[in-house]
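Side-chain atoms are counted along with the backbone in the values below, which use heavy atoms only and exclude waters and symmetry mates. Just so it is clear, the structure is predicted and the values come from calculations on it, not from any experiment.
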Amino acid sequence: MNDIHLFDETFDKNQSHSYHLSIQSGMNGLSFCLLDTVRNKYIGFHHYPLKNIEYIDLIPIIKADPILTLPYKSVSHMFVDGKNTLVPTSLFSTENAPLFLKHNHGQTGCSEILSNNLHHAMAVNIFAYPPDYLDNLKEIYPKLKVFHRSSPFVESLVLHSAKWVRSKCYVSINKNEIDIGVAQMKKLEFYNSFSYKDNSDIVYYILNILERFKLSNMLTEVYFSDDVENHDELFEFLNNYLNLIKFIHPSDQYIYSYIFDELHLTRFANLFNLALCES
């Protein structure tokens, strides 16, 4: 994907104090979007396509971008890469957060353990990332809120499930990992992430979870978002195993400028849904 720069004509850098900035960073790119909180409307988006870059190398790009360095009402940053652990709110304590993460993933190699309160899912998302990168980000954005990629994924799933009388499945496919969730009637029934090597691994995990919940692969709606280069090949393969493939879209709680009409927002659904974690 090429560099993408989309901004509504109503964007005004002098009004940035009323905008919410959401940033997404990963080894394959840096993206951000702007939400006008007065009109509850997304009015800007930029994607920098990068390949296998280290997180710390993103700092000069952020500092050089004239839009990213404006003063904002609030700023959220989402990590695309890395492991996480979801625990019920009732079981969580700050002191035990490192133990939960270590129990599920072993040593993380990171000294900074972070967590997100997922109010709609009634859970806490625990994750870790390199402290040097976070320290540099917080120098740029002193009031920065930091999230894992799965936080908006889970919150969006639970919110959208409010009217589902049957369980539905959400799948977010990233470069090396997939997130899978099952929910109905605002109840999160399952969430986990898995490492994969090829398309057959992805199908295996999805079918295994559908079978676990006694959900038919022919009758269950499976919603996808993906950030992979072989999109067409992947979904041609998935169509052999799943009958009702749909796509995750950004939340209808927000208005979207016409500038996004030609952009496949499903690829950036987690980024646009990140603001859900602020509520």
Side-chain angles (χ1 to χ4, degrees), residues 20-26 55-56 73-162 167 169-172 174 176-195 205 209 212-213 251 253 270-271 273-279:
H20 172 76
L21 169 65
S22 293
I23 307 172
Q24 169 182 304
S25 67
Y55 275 111
I56 198 67
K73 178 180 180 179
S74 53
V75 182
S76 297
H77 180 279
M78 179 177 70
F79 294 114
V80 175
D81 310 300
K83 303 292 186 181
N84 71 300
T85 293
L86 215 64
V87 299
T89 303
S90 59
L91 298 180
F92 174 79
S93 69
T94 303
E95 295 77 15
N96 289 333
L99 297 177
F100 280 119
L101 199 63
K102 183 179 179 181
H103 176 75
N104 284 345
H105 301 295
Q107 294 292 343
T108 62
C110 303
S111 59
E112 183 121 11
I113 306 297
L114 308 169
S115 64
N116 301 149
N117 290 314
L118 307 185
H119 302 292
H120 301 291
M122 294 185 289
V124 178
N125 199 6
I126 305 169
F127 59 103
Y129 258 83
D132 291 345
Y133 180 57
L134 286 178
D135 290 344
N136 279 275
L137 278 175
K138 289 175 180 177
E139 286 183 6
I140 305 171
Y141 309 110
K143 296 182 179 180
L144 179 73
K145 293 184 178 180
V146 183
F147 297 88
H148 187 267
R149 68 167 190 273
S150 58
S151 293
F153 172 81
V154 171
E155 290 288 75
S156 173
L157 167 61
V158 173
L159 279 173
H160 288 164
S161 74
S167 297
C169 182
Y170 263 30
V171 181
S172 179
N174 305 290
N176 298 311
E177 293 183 318
I178 61 171
D179 299 315
I180 303 179
V182 177
Q184 69 166 323
M185 301 297 291
K186 294 195 74 173
K187 179 183 178 182
L188 181 65
E189 298 176 311
F190 174 85
Y191 164 79
N192 208 345
S193 60
F194 306 90
S195 299
Y205 289 126
I209 291 165
R212 173 177 171 180
F213 285 89
S251 173
Q253 292 191 19
N270 281 340
L271 174 61
N273 287 333
L274 185 56
L276 294 173
C277 298
E278 294 280 339
S279 58

Participant: Any donor-acceptor pair under 3.5 Å linking the side chain of Glu155 with the backbone of His119?
Facilitator: yes
Participant: Answer whether the closest heavy-atom distance between the side chains of Val124 and Leu118 falls below 4.5 Å.
Facilitator: no
Participant: What do the steps show when you test Asn273 against Ser251 for side chain to side chain donor-acceptor pair (under 3.5 Å), and what is the final call?
Facilitator: CA-CA 6 Å; Asn273 287 333; Ser251 173; 4.7 Å; no
Participant: Within the structure provided, determine whether Val171 and Tyr205 are in side-chain contact (heavy-atom separation under 4.5 Å).
Facilitator: no
Participant: What I'd like to find out is whether the side chain of Ser172 reaches to under 4.5 Å of the side chain of Glu177, using heavy atoms alone.
Facilitator: no
Participant: Report the residues that fulfil ring-ring contact (aromatic ring centres under 6.0 Å, His included) with Phe127, sequence neighbours left out, ordered by chain and then residue number.
Facilitator: His148
Participant: Could you tell me if the side chain of Ser25 sits less than 4.5 Å from the side chain of Met78, heavy atoms only?
Facilitator: no
Participant: The criterion is side-chain hydrogen bond (donor to acceptor under 3.5 Å, both in side chains); which residues satisfy it with Thr89, sequence neighbours excluded?
Facilitator: none
Participant: Do the rings of Tyr170 and Phe153 sit parallel, tilted or perpendicular, given the 30° and 60° boundaries?
Facilitator: tilted
Participant: Please determine, by modelled atom types, if Lys83 and Ser150 share a side-chain donor-acceptor pair under 3.5 angstrom.
Facilitator: no
Participant: Do the rings of His77 and Phe79 sit parallel, tilted or perpendicular, given the 30° and 60° boundaries?
Facilitator: perpendicular
Participant: How far does CD1 of Ile209 sit from CG of Asn192, to the nearest 0.5 angstrom?
Facilitator: 7.0 Å
Participant: With sequence neighbours excluded, tell me which residues meet ring-ring contact (aromatic ring centres under 6.0 Å, His included) with Tyr191.
Facilitator: none
Participant: For Lys145 and Ser22: C-alpha separation, side-chain torsions, deciding distance, then whether side chain to side chain donor-acceptor pair (under 3.5 Å) applies.
Facilitator: CA-CA 10 Å; Lys145 293 184 178 180; Ser22 293; over 6 Å; no
Participant: Between Ile180 and Cys169, is any pair of side-chain heavy atoms under 4.5 Å apart?
Facilitator: yes
